[in-house]
Amino acid sequence: MRRRAALAGLLLLTGCASGPSLETQGEVTEAPGDSKHLTIGSAGFTESDLLATMYALLLNEAGYKTSMLTVANRELYEPALESGQIDVVAEYAATFADWLNAKTNGADAPAVGSPDLKATMTALRKLATPRGLTVLDPGRAVDQNAFAVTGEYARQHDLKTLSDLGRSGLEVRLAAGDECVQRPYCEPGLRKTYGIDVTGVDPKGVGTTQAKRAVQNGQDQMVLTTTTDATLDEFGLVLLADDKHLQNADYIVPVVNRSRAGSKGVTGALDRLNDVLTTSDLASMNQQVDSWRRLPEDVGRTYLEDKGLLK
């Protein structure tokens, strides 16, 4: 179906970029490109591999030849995207907006990613365009921070949302990363937005097996994970809805190198996935790879065939 490109040569990217100068202040000076051989980037984790695989399959279906390049570090793959060594990558709107903002305006620049998808996309495109990048429309799938409790705990206290937990007055010990005590979407946000009585943060990481087991056995009451976590059922955990939209709009967005992959052909092929892919679909595919040990290529192809997107 496609070949996997070697990582060799990527380290030569430092100081090299073929996109427009940042001095153009966002002006687009050349027509979108339509290279017939495109390199799809993956960040090397299950979800990124799945998205890259499906992008490649859809582009193959549209008449493009594709290869994949896996680069786990955004500090490397984003410059590769600018230079054209990578042509297409799946990103997360708010996270990528804040990353480009820090790269452009400094680490202390005020965040531009927010729970408001429209505002986040406007900021992201403003930052991406001067770098020769085009951000396509977001789809329906979102992979953002989320909080889970045991199903038994939720039933016992009649909890469906984070607001329910706040109103309950229950004391909550939270399994999360150690940065949770400072991040506005984590402990401070849970207190301020929902009134949840967080008595402490157990630094077991974000969505790790250790963190989920701590909630499963009652050592902690809630765990910080993500909306596409494929293993919650294995630990008897359920997500509480973020009904006041504390979390940023990390909708999945394809990002392309404009000079090589900014054409209507590429956009049209990738938009077909956006039209159908949901958060629950993505979580299910993650589970098939992580828990059932299926190959991302097999899972992605089956999904696209089931949705009528591949012949």
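The first residue in the sequence is number 1, and the count goes up from there. Every value quoted in this text rests on a predicted model; they were computed, and no experiment measured them.
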Trainee: Which residues pass the salt bridge (Lys or Arg N to Asp or Glu O under 4.0 Å) test with Asp229, not counting sequence neighbours?
Mentor: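 Checked Asp229 against salt bridge (Lys or Arg N to Asp or Glu O under 4.0 Å); matches are Lys212.
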Trainee: Can you pull the ring pair (Phe, Tyr, Trp, His ring centres under 6.0 Å) pairs that have at least one residue in residues 116-169, sequence neighbours excluded?
Mentor: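 Every ring pair (Phe, Tyr, Trp, His ring centres under 6.0 Å) pair that includes a residue of residues 116-169, provided the two are not neighbours, is Tyr153-His157.
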Trainee: Output the rest of the hydrophobic cluster of Val201: all Ile, Leu, Val, Met, Phe, Trp and Tyr residues reachable through side-chain heavy-atom contacts under 4.5 Å, sorted by chain and number.
Mentor: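 Direct or chained contacts put Val201 with Val181.
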Trainee: Can you run down the ring pair (Phe, Tyr, Trp, His ring centres under 6.0 Å) pairs that involve residues 232-262, sequence neighbours left out, and say none if there aren't any?
Mentor: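 Pairs touching residues 232-262 that pass the test: none.
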Trainee: Not counting sequence neighbours, list each pair that qualifies as a disulfide bond (SG atoms under 2.5 Å apart) and has a residue in residues 265-311.
Mentor: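 Non-adjacent pairs meeting disulfide bond (SG atoms under 2.5 Å apart): zero.
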Trainee: Mind checking what makes salt bridge (Lys or Arg N to Asp or Glu O under 4.0 Å) contact with Lys103, not counting sequence neighbours?
Mentor: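 Checked Lys103 against salt bridge (Lys or Arg N to Asp or Glu O under 4.0 Å); matches are Glu78, Glu82.
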Trainee: May I ask you to decide whether Asp275 forms a salt bridge with Arg272, counting only side-chain N to carboxylate O separations under 4.0 Å?
Mentor: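 So Asp275 does not pair with Arg272 through a salt bridge.
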Trainee: Can you give the donor-acceptor pairs under 3.5 Å from side chains of residues 304-311 to other protein atoms, not counting sequence neighbours?
Mentor:
none

Trainee: May I ask you to say whether Lys244 pairs ionically with Asp242, meaning some side-chain N is under 4.0 Å from a carboxylate O?
Mentor: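 No, Lys244 and Asp242 are not salt-bridged.
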Trainee: Is Leu277 reachable from Leu57 through a run of I, L, V, M, F, W or Y residues, each pair having side-chain heavy atoms under 4.5 Å apart?
Mentor: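 Yes, one cluster joins them.
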Trainee: Applying ring pair (Phe, Tyr, Trp, His ring centres under 6.0 Å) as the test, list every pair that has at least one member in residues 45-70; sequence neighbours left out.
Mentor: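 Listed once each, the pairs would be none.
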Trainee: Once salt bridge (Lys or Arg N to Asp or Glu O under 4.0 Å) is applied, do any residues pair with Asp202, and if so which ones, sequence neighbours excluded?
Mentor: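 Result, salt bridge (Lys or Arg N to Asp or Glu O under 4.0 Å) vs Asp202: Arg173, Lys204.
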Trainee: Between Asp143 (side chain only) and Ile252 (backbone N and O only), is there a donor and an acceptor less than 3.5 Å apart?
Mentor: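 Here the side-chain-to-backbone pair does not exist.
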Trainee: How would you list, by chain and number, every residue that makes a salt bridge (Lys or Arg N to Asp or Glu O under 4.0 Å) with Asp233, sequence neighbours excluded?
Mentor: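 With neighbours one apart ignored, the set is empty.
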Trainee: Applying side-chain contact (heavy atoms from CB on, under 4.5 Å), name anything that partners Thr267, two or more places apart in sequence or on another chain.
Mentor: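 With neighbours one apart ignored, the set is Leu136, Asp271.
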Trainee: Answer yes when Arg191 and Glu187 have at least one side-chain N-carboxylate O distance shorter than 4.0 Å, and no when they do not.
Mentor: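 A salt bridge is present here (some side-chain N lies under 4.0 Å from a carboxylate O).
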Trainee: Sequence neighbours excluded, which residues qualify as side-chain contact (heavy atoms from CB on, under 4.5 Å) partners of Thr278?
Mentor: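 Per chain and number, Thr278 pairs via side-chain contact (heavy atoms from CB on, under 4.5 Å) with Arg140, Ser280, Asp281.
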